[in-house]
Amino acid sequence: MAALFRGSRNLLQRCNKQHVHLVLVSSRSMASKTPVGFIGLGNMGSPMAKNLLKHGYPVIATDVFPESCKELQDEGAQILDSPAEVADKADRIITMLPSSPNVIEVYTGPNGILKKVKKGTLLIDSSTIDPSVSKEMALAAEKMGAVFMDAPVSGGVGAASLAKLTFMVGGVEEEYTAAQELLTCMGANVVYCGQVGTGQAAKICNNMLLAIGMIGTAETMNLGIRLGLDPKLLAQILNMSSGRCWSSDSYNPVPGVMEGVPSGNNYQGGFGTTLMAKDLGLAQHTATNTKTPVPLGSLAHQIYRVMCARGYANKDFSSVFQFLREQEEEPEKKGD
């Protein structure tokens with residue numbers, strides 16, 4: 001009889017422990033769905049914020065352009081007037097902004113995040129900016145008791161819409177898991193790179209290679225077409241040969257070769273030439289500071305800067321193919 005009683009008591013204790021465990025897991029799950037702030041609702045930020053909503057996170061957002069907020073508001077997001085107001089309402093905030101000056105303004109400006117940030121707030125910046133600015137923002141956040149991490153992305157607007165971005169994360173390793181929880185809602189790959197600024201370093205290196213690869217693909221396709229090759233056939237051959245790269249097989253710059261890419265839509269959408277020129281400028285700046293030779297990166301930077309001045313600023317960066325096609329050879333000088 002005593003043995004039966006002990007067995008029943010042990011079973012009851014196990015059931016109670018399981019119940020407590022389930023309650024704790026449930027509480028953590030509920031806590032994880034607390035509001036997430038999102039600042040910057042452009043071509044990339046808007047679909048990223050939408051994916052947070054799809055995963056059940058209440059989103060509190062703002063953007064310098066009110067019209068950018070309407071679509072997200074229609075899907076259930078709360079829209080506020082300033083980054084400071086967002087910081088007052090959320091203890092996890094993601095920023096997706098065009099450049100270093102924008103990031104500095106949003107974090108440290110008169111109506112910036114750090115004016116009303118709460119202690120313990122996790123700040124994740126997915127903008128592509130100078131690594132030194134990320135470090136400055138991390139120090140400023142630390143003084144306010146908050147944690148700043150840089151988490152720039154690769155993949156473009158299409159990947160942002162499909163939640164297939166790659167995030168390159170820099171910051172305090174102990175906070176990585178908390179950041180990863182949110183980033184996996186918006187991306188297929190989340191990679192921890194090291195201390196603050198290393199995420200930006202990885203992104204800058206990636207985009208320098210992307211620009212070089214796109215220019216090389218555009219030059220190759222243009223040469224092949226002038227030699228009489230069908231562009232689709234040439235792309236097929238490249239993609240089964242050693243010249244294959246992302247620009248040739250996933251984002252071909254020649255109109256009509258692929259569907260669903262900017263070259264098939266007059267180079268609208270995608271990743272703008274202005275932004276590519278900006279990222280190459282960051283690569284050039286960091287290369288100069290570290291005394292690193294980047295001859296092809298420098299040439300790519302020059303080409304995209306010229307494109308910006310020639311009417312390609314708002315077109316996708318794959319429009320370098322069109323730019324090359326429009327370049328006319330200088331007529332040979334005739335002798336006397």
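Ring geometry for F317 against F271 counts as perpendicular: the plane angle is over 60°, on a 0 to 90° scale with 30° as the lower cut.
A distance of 8.5 Å separates CG of D130 from CD of Q200, quoted to the nearest 0.5 Å. I129 CD1 to M137 CE: the interatomic distance, rounded to the nearest 0.5 Å, is 7.5 Å. In this structure, S248 OG and M258 CE are separated by 9.0 Å, a value rounded to the nearest 0.5 Å. In this structure, OG in S241 is found 9.5 Å from CG in L234, a value given to the nearest 0.5 Å. Taking CG of L122 as the start and CD1 of I94 as the end, the distance is 8.5 Å to the nearest 0.5 Å. Note that the CG atom of L183 and the CD1 atom of I124 stand 5.0 Å from one another [nearest 0.5 Å].
Hydrophobic clustering, with ILVMFWY side chains joined whenever heavy atoms are under 4.5 angstrom apart, keeps I39 apart from M186. There is a path of hydrophobic side-chain contacts, each under 4.5 Å, that joins W246 to V320. I215 and L280 fall within a single hydrophobic cluster, where Ile, Leu, Val, Met, Phe, Trp and Tyr side chains are chained together by heavy-atom contacts under 4.5 Å. With hydrophobic clusters built from ILVMFWY side chains whose heavy atoms lie under 4.5 angstrom apart, I204 does not share a cluster with I303. Linking ILVMFWY residues whenever their side-chain heavy atoms come closer than 4.5 Å, directly or via other members, places V306 and M214 in the same cluster.
Between T121 and R92 the shortest side-chain heavy-atom distance does not fall below 4.5 Å. Looking at heavy atoms from C-beta onward, Y267 lies in side-chain contact with F321 at the 4.5 angstrom threshold. In this structure, M307 and K315 have side chains that are not in contact, with every pair of non-hydrogen atoms separated by 4.5 Å or more. In this structure the side chain of M48 never reaches within 4.5 angstrom of the side chain of N51, judged on heavy atoms. Between N102 and S127, every side-chain heavy-atom pair lies at or beyond the 4.5 Å cut-off. M208 is listed as a side-chain neighbour of V294, based on a closest heavy-atom distance under 4.5 Å. For the pair M221/T217, a side-chain contact is recorded, criterion being any heavy-atom separation below 4.5 Å from C-beta on. Annotation: side chain of L72 is in contact with side chain of L53 (closest heavy-atom distance under 4.5 Å).
The environment of K118 atom NZ is dense: over 12 non-hydrogen atoms of other residues, nucleotides or ligands sit within 6.0 angstrom. Counting heavy atoms of neighbouring residues, nucleotides and ligands inside a 6.0 Å radius, atom CD of E71 does not exceed 12 of them. For N265, the CG atom is densely surrounded, since the number of other residues' heavy atoms within 6.0 Å is greater than 12. In the displayed structure, Q195 atom CD is contacted under 6.0 Å by at most 12 heavy atoms of other residues, nucleotides or ligands. Counting heavy atoms of neighbouring residues, nucleotides and ligands inside a 6.0 Å radius, atom CD of Q268 exceeds 12 of them.
Under the side chain to side chain contact (heavy atoms under 4.5 Å, CB included) test applied with L210, the options S154, S247, C205, C245 reduce to a single match, S247.
Considering all non-hydrogen atoms of both residues, A160 and M44 come closest at CB-CE, 4.0 Å. Nearest heavy atoms, Y57 versus V36: CD2-CG2, 3.8 Å. Nearest heavy-atom pair, M168 versus C193, reported as atom, atom and distance to 0.1 Å: CB-SG, 3.8 Å. Residues Q284 and S298 share a closest heavy-atom pair of OE1-OG, 2.6 Å. What you find for V254 and S263 is that their closest heavy atoms are O-OG, 3.6 Å. Minimum heavy-atom separation, A211 to M276: CB-SD, 3.7 Å.
Clustering of Ile, Leu, Val, Met, Phe, Trp and Tyr side chains at separations under 4.5 Å leaves V172 isolated, with no partner residue.
Side chain of K278 to main chain of P98: a donor-acceptor pair is present (N/O by atom type, distance under 3.5 Å, no hydrogens or angles). E181 contributes no side-chain N or O that, together with a main-chain N or O of T177, makes up a donor-acceptor pair within less than 3.5 Å. For S319 (side chain) and Q322 (main-chain N/O), no donor-acceptor pair under 3.5 Å exists by modelled atom type. A donor-acceptor pair under 3.5 Å is absent between the side-chain atoms of K116 and the main chain of P83, judged by distance alone. Using a distance-only test at 3.5 Å, with no hydrogens or angles considered, no donor-acceptor pair links the side chain of N222 to the main chain of A218. Between the S46 side chain and the N43 main chain, no donor and acceptor come within less than 3.5 Å of each other. Side-chain atoms of D316 come within 3.5 Å of backbone atoms of S318 as a donor-acceptor pair (strictly under, hydrogens ignored). Between the side chain of D150 and the backbone N or O of G199 there is at least one donor-acceptor pair closer than 3.5 Å. With K203 contributing its side chain and V153 its backbone, the two residues share a donor-acceptor pair below 3.5 Å.
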With side chain to side chain contact (heavy atoms under 4.5 Å, CB included) as the criterion, how do L114 and K143 come out once you've worked through the C-alpha distance, each side chain's angles and the decisive distance to 0.1 Å?
CA-CA 10 Å; L114 298 184; K143 289 177 182 177; over 6 Å; no
Can you list the steps and then say if M96 with F38 is a side chain to side chain contact (heavy atoms under 4.5 Å, CB included)?
CA-CA 8 Å; M96 177 53 108; F38 206 106; 4.1 Å; yes
List the steps and the verdict of side chain to side chain contact (heavy atoms under 4.5 Å, CB included) for N252 and V261.
CA-CA 8 Å; N252 200 286; V261 294; 5.7 Å; no
For F167 and M149, what are the C-alpha separation, side-chain angles and deciding distance, and is it a side chain to side chain contact (heavy atoms under 4.5 Å, CB included)?
CA-CA 11 Å; F167 287 89; M149 304 186 83; over 6 Å; no
Return a table of donor-acceptor pairs under 3.5 angstrom between the side chains of residues 59-67 and protein atoms on other chains or two or more places apart.
| unit_1 | atom_1 | unit_2 | atom_2 | d |
| --- | --- | --- | --- | --- |
| T62 | OG1 | L80 | O | 2.9 |
| D63 | OD1 | F65 | N | 2.8 |
| D63 | OD2 | L41 | N | 2.6 |

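Residue pairs meeting the ring pair (Phe, Tyr, Trp, His ring centres under 6.0 Å) criterion with at least one member in residues 79-132, sequence neighbours excluded, are Y107-F148.
Salt bridge status for R244 with D249: present, with a side-chain N to carboxylate O gap under 4.0 Å.
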